[in-house]
Amino acid sequence: QVQLVESGGGLVQAGGSLRLSCSVSRRTISGYAMGWFRQAPGKAREFVATIISSGTVADYADSVKGRFTISRDNARNTVYLQMNSLKPEDTAVYYCAAAPRSSKNTGGYLYWGQGTQVTVSS
């Protein structure tokens with residue numbers, strides 16, 4: 001069973017930055033597309049970013065395009081989400097996930113982490 005563990009969340013002021021990490025164990029991530037999703041209180045889990053297995057192509061939700069960057073280090077079995085120019089509406093629990101192919105839909109992902117809280121104060 002693949003295990004994903006997110007880290008790097010926290011409290012930051014609007015306009016600030018955070019870098020989330022997702023460490024994967026028990027299986028190499030090189031064969032998986034990876035994604036980041038988020039879920040705010042009372043809302044459905046939503047797509048944030050995804051990156052293909054080779055790391056050469058990424059896609060983003062319109063709400064984060066130009067502010068967030070997804071990347072991966074297959075040698076370290078780790079995926080990252082660099083978040084800049086954070087806004088209060090970015091407040092959510094952020095989840096990383098692994099999929100056979102890149103997708104914007106939660107149903108496309110086989111494995112999920114437990115999530116890390118990101119809180120952006122105004």
Side-chain angles (χ1 to χ4, degrees):
Q1 183 74 3
V2 179
Q3 187 173 24
L4 291 76
V5 179
E6 301 94 339
S7 61
L11 174 63
V12 63
Q13 288 188 330
S17 299
L18 282 175
R19 187 196 196 202
L20 304 184
S21 298
C22 174
S23 177
V24 182
S25 61
R26 301 182 182 176
R27 192 170 297 182
T28 177
I29 66 169
S30 60
Y32 292 93
M34 301 297 294
W36 285 96
F37 291 76
R38 66 187 182 186
Q39 188 167 17
K43 294 189 177 181
R45 193 168 297 188
E46 65 174 7
F47 167 75
V48 175
T50 184
I51 188 168
I52 67 171
S53 57
S54 66
T56 55
V57 178
D59 199 5
Y60 299 89
D62 288 343
S63 59
V64 307
K65 211 169 278 186
R67 300 188 297 123
F68 290 11
T69 302
I70 187 172
S71 62
R72 62 192 294 159
D73 185 339
N74 287 347
R76 296 180 183 272
N77 243 28
T78 302
V79 181
Y80 305 97
L81 185 68
Q82 177 67 44
M83 305 186 295
N84 299 328
S85 302
L86 283 161
K87 305 174 181 180
E89 51 264 43
D90 294 318
T91 295
V93 177
Y94 283 72
Y95 300 89
C96 72
R101 60 184 59 83
S102 189
S103 174
K104 296 183 179 182
N105 299 314
T106 57
Y109 289 80
L110 299 177
Y111 306 107
W112 291 83
Q114 294 299 306
T116 185
Q117 176 71 46
V118 171
T119 303
V120 184
S121 63
S122 57

>> For Y60, run the side chain to side chain contact (heavy atoms under 4.5 Å, CB included) check against V48, I51, T69 and tell me which one passes.
In response: T69
> Should we say atom NZ of K65 is surrounded by more than 12 heavy atoms from elsewhere, each under 6.0 Å from it?
Replying inline: yes
>> Quick one, S53 and Y32 - any side-chain contact, counting heavy atoms below 4.5 Å?
In response: no
> Which pair of non-hydrogen atoms, one from T78 and one from S23, has the smallest distance, and what is that distance?
Replying inline: OG1-CA, 4.3 Å
>> Hydrophobic clusters here meaning ILVMFWY residues chained together by side-chain heavy-atom distances under 4.5 Å, can you tell me if F68 and Y95 are in one?
In response: no
>> I'd like to know if the side chain of N77 and the backbone of I29 have a donor-acceptor N/O pair within less than 3.5 Å.
In response: yes
> What closest approach, in Å, do S103 and N105 show between heavy atoms, and which atom pair accounts for it?
Replying inline: OG-N, 3.0 Å
> After noting the C-alpha distance and the side-chain angles of R26 and V2, does the key distance pass the side-chain contact (heavy atoms from CB on, under 4.5 Å) rule?
Replying inline: CA-CA 5 Å; R26 301 182 182 176; V2 179; 5.6 Å; no
> Are V79 and M83 connected in the hydrophobic side-chain network, where two residues link if heavy atoms are under 4.5 Å apart?
Replying inline: yes
> Within the side chain of R72, is there an N or O that forms a donor-acceptor pair under 3.5 Å with the backbone of G55?
Replying inline: no
> Yes or no on salt bridge (charged side-chain N to carboxylate O under 4.0 Å, His left out) for K87 and D90, after CA distance, side-chain angles and deciding distance?
Replying inline: CA-CA 5 Å; K87 305 174 181 180; D90 294 318; over 6 Å; no
> From S25 OG over to Q1 CD, what is the distance, rounded to the nearest 0.5 angstrom?
Replying inline: 10.0 Å
>> Run the side-chain hydrogen bond (donor to acceptor under 3.5 Å, both in side chains) test on S102 and T50 for me, step by step, so that the C-alpha distance in whole Å, both residues' side-chain angles and the decisive distance to 0.1 Å come before the verdict.
In response: CA-CA 6 Å; S102 189; T50 184; 2.8 Å; yes
>> Starting from I70, can I reach Y80 by hopping between I/L/V/M/F/W/Y residues whose side chains sit under 4.5 Å apart?
In response: no
> Is Y111 linked to V93 within one hydrophobic cluster, defined over Ile, Leu, Val, Met, Phe, Trp and Tyr using a side-chain heavy-atom separation of less than 4.5 Å?
Replying inline: no
> How long is the gap from CD on Q117 to CD on Q39, to the nearest 0.5 Å?
Replying inline: 11.0 Å
> Less than 4.5 Å apart, any side-chain heavy atom of C96 and any of L4?
Replying inline: yes
> Would a 4.5 Å heavy-atom cut-off, applied to side chains only, mark T28 and N74 as touching?
Replying inline: no
> Same cluster for F47 and W112 if Ile/Leu/Val/Met/Phe/Trp/Tyr side chains link at under 4.5 Å?
Replying inline: yes
> Looking only at heavy atoms, what is the nearest atom pair of A33 and R101, with distance?
Replying inline: CB-C, 3.5 Å
> Quick one: does M34's side chain get under 4.5 Å of V24's, heavy atoms only?
Replying inline: yes
> Is Y94 close to E6 at the side-chain level, that is, under 4.5 Å between some pair of heavy atoms?
Replying inline: no
>> Looking at every heavy atom in both S17 and N84, which two are closest together, and how far apart are they?
In response: OG-OD1, 2.9 Å
> Looking at side-chain heavy atoms only, is the closest gap between R38 and S63 below 4.5 Å?
Replying inline: yes
> Do you know which of T91, L11, L81, L20 makes side chain to side chain contact (heavy atoms under 4.5 Å, CB included) with V118?
Replying inline: L20
> Where is the tightest heavy-atom contact between A99 and G108, given as atom of each residue plus distance?
Replying inline: CB-O, 3.2 Å
> Got more than 12 heavy atoms from elsewhere within 6.0 Å of CD, Q114?
Replying inline: no
> So do Y109 and F37 actually touch side chain to side chain, heavy atoms under 4.5 Å?
Replying inline: yes
